[in-house]
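Data first, discussion second: the structure below is written as structure tokens.
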Amino acid sequence: FYTGVYSGKEEAKRKSFLAATRALELQKDSSSANMSMSLYYDYMENNPEKSIFHAQLALEKKPNDAEAKLRLFRAEHR
């Protein structure tokens, strides 16, 4: 997940979105790709609904994954 340490916020948002979108294009059914998109919507767009949606998709792909469960919890309680 790209944090944009060396660039402005808009550039970081753009690069983060492109990376998360590309991950979903390459592996649509990937839990980690959906978690990346959840992180993007949570931290870059401050959009809890979309973040929760992608976190739920990630958890559906890997129901016993502790990281996916934590991602959903954080998205729901932010």
Side-chain angles (χ1 to χ4, degrees):
F1 189 68
Y2 185 79
T3 59
V5 174
Y6 299 107
S7 62
K9 184 175 181 177
E10 291 304 314
E11 181 68 8
K13 283 175 65 172
R14 185 185 72 77
K15 287 183 178 183
S16 297
F17 182 74
L18 289 175
T21 302
R22 182 69 176 144
L24 281 175
E25 288 173 359
L26 293 173
Q27 293 184 322
K28 186 185 296 187
D29 294 329
S30 167
S31 175
S32 60
N34 278 291
M35 286 178 40
S36 294
M37 192 59 86
S38 176
L39 285 165
Y40 169 78
Y41 281 119
D42 198 5
Y43 293 109
M44 298 302 226
E45 295 291 338
N46 194 24
N47 187 330
E49 292 84 18
K50 287 187 178 182
S51 180
I52 289 168
F53 173 77
H54 284 284
Q56 288 172 335
L57 287 177
L59 196 54
E60 285 176 16
K61 306 299 178 194
K62 287 187 173 181
N64 295 322
D65 185 10
E67 191 173 340
K69 289 178 181 182
L70 182 59
R71 171 88 299 270
L72 179 59
F73 177 83
R74 286 185 174 164
E76 290 175 336
H77 294 92
R78 188 160 165 130

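Keep in mind that the numbers below use all heavy atoms, side chains included, and drop hydrogens, waters and symmetry copies. Since the structure is predicted, the reported quantities are computational estimates derived from the model, not experimental observations.
With sequence neighbours left out, Glu25 forms a salt bridge (Lys or Arg N to Asp or Glu O under 4.0 Å) with Arg22. Phe17 pairs by the ring-ring contact (aromatic ring centres under 6.0 Å, His included) definition with Tyr40, not counting sequence neighbours. With sequence neighbours left out, Arg14 forms a salt bridge (Lys or Arg N to Asp or Glu O under 4.0 Å) with Glu11. In this structure Ser32 satisfies the side chain to side chain donor-acceptor pair (under 3.5 Å) test together with Ser30, sequence neighbours excluded.
How far NZ of Lys28 is from CG of Asn34: 11.0 Å, rounded to the nearest 0.5 Å. Distance check: Ser31 OG to Leu59 CG gives 7.5 Å after rounding to the nearest 0.5 Å. For the atom pair NE2 (His54) and CG (Leu24), the distance works out to 6.5 Å, reported to the nearest 0.5 Å. Here Ser38 contributes atom OG and Tyr43 contributes atom OH; the two are 8.5 Å apart, rounded to the nearest 0.5 Å. Considering CG of Leu57 and CD1 of Ile52, their distance stands at 12.0 Å, rounded to 0.5 Å. Annotation: the span from Met35 atom CE to Asp65 atom CG amounts to 6.0 Å, rounded to 0.5 Å.
Within the structure, the salt bridge (Lys or Arg N to Asp or Glu O under 4.0 Å) test picks out the following pairs touching residues 30-43 (sequence neighbours left out): Asp42-Arg71, Asp42-Arg78. Note on residues 45-55: pairs passing salt bridge (Lys or Arg N to Asp or Glu O under 4.0 Å), not counting sequence neighbours, are Lys13-Glu45.
Heavy-atom neighbours of Glu67 CD from other residues, nucleotides or ligands within 6.0 Å: at or below the threshold of 12.
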Quiz item: Can Met44 and Leu39 be said to form a side chain to side chain contact (heavy atoms under 4.5 Å, CB included), step by step?
Solution: CA-CA 8 Å; Met44 298 302 226; Leu39 285 165; over 6 Å; no
